[in-house]
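In what follows, a structure is listed as structure tokens, so that the remarks can point back to it.
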Amino acid sequence: MREAFRNGALHYLIKPFTAAALNERLTAYARYRDALSGGSELSQEDLDGAVRALYAPLHARAPAPKGRSPVTTRLVSDALRRAEEPRSAAEIADQVGISRATAQRYLAALAEAGRVVVTLRYGATGRPEHQYAWSPR
């Protein structure tokens with residue numbers, strides 16, 4: 001194990017391990033790679049965020065707030081992360097298969113946590129529409 005870490009291993013699982021543990025490590029690694037894949041120069045904040053993404057699953061998680069599922073949070077996050085341009089709550093809701101109100105609630109929580117950037121799109125009439133984009137932090 002020590003030699004593997006000296007040679008660049010980032011995680012290590014000792015057998016026997018569960019499929020959930022393996023999935024957690026692989027998902028964390030994918031987030032880490034995504035965070036480092038930007039074409040521009042990395043700032044210290046970018047690097048710190050990538051390392052947090054890599055090791056965050058290993059730290060004890062607080063339970064999800066009442067009425068919010070970690071699975072739905074992940075689905076909404078993944079849909080927004082894959083989007084090539086800002087999306088509305090209605091678009092995310094259609095893609096994930098949840099109500100617009102539920103998508104809006106999850107997107108607002110992600111925005112409050114600093115994971116999502118919110119902008120407004122003004123149309124010809126009516127209220128402006130909130131647009132959500134994954135934060136590159």
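Here, residue 1 is the first one in the sequence, and each next residue gets the next number.
The shortest distance between side-chain heavy atoms of V96 and D78 does not fall below 4.5 Å. Using a 4.5 Å cut-off on side-chain heavy atoms (C-beta onward), S135 and V116 make no contact. For the pair R52/R31, no side-chain contact is recorded, criterion being any heavy-atom separation below 4.5 Å from C-beta on. Between V76 and I98, the closest side-chain pair of non-hydrogen atoms falls below 4.5 Å. Y122 is listed as a side-chain neighbour of L120, based on a closest heavy-atom distance under 4.5 Å.
Between the CE atom in M1 and the CD1 atom in I14 there is a gap of 4.5 Å [rounded to 0.5 Å]. How far CD of Q104 is from CZ of R100: 4.5 Å, rounded to the nearest 0.5 Å. With rounding to the nearest 0.5 angstrom, the CZ atom of R105 is 12.5 Å from the CG atom of L110. Note: Q131 CD to T119 OG1 = 5.5 Å, rounded to the nearest 0.5 Å. The OH atom of Y132 sits 10.0 Å away from atom CG of L80, with the distance rounded to the nearest 0.5 Å. The distance from the CG atom of L22 to the OG1 atom of T18 is 8.0 Å, given to the nearest 0.5 Å.
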Practice item. Check the pair E91, E85 against side chain to side chain contact (heavy atoms under 4.5 Å, CB included), reporting the backbone distance first and the verdict last. Key: CA-CA 11 Å; E91 292 167 328; E85 56 189 30; over 6 Å; no

Check your understanding: Y29 and R25: side chain to side chain donor-acceptor pair (under 3.5 Å), yes or no, with the steps?
Key -> CA-CA 6 Å; Y29 182 71; R25 299 304 198 290; over 6 Å; no

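Y12 and L26 end up in different hydrophobic clusters when Ile, Leu, Val, Met, Phe, Trp and Tyr side chains are linked at under 4.5 Å. With hydrophobic clusters built from ILVMFWY side chains whose heavy atoms lie under 4.5 angstrom apart, L47 shares a cluster with L10.
Minimum heavy-atom separation, Y106 to S69: OH-N, 2.7 Å. For the pair L107 and A89, the tightest heavy-atom approach, listed with the atom from each and the gap, is CD1-CA, 3.7 Å.
Within the 3.5 Å criterion, the main-chain N or O of A19 finds no donor-acceptor partner in the side chain of N23.
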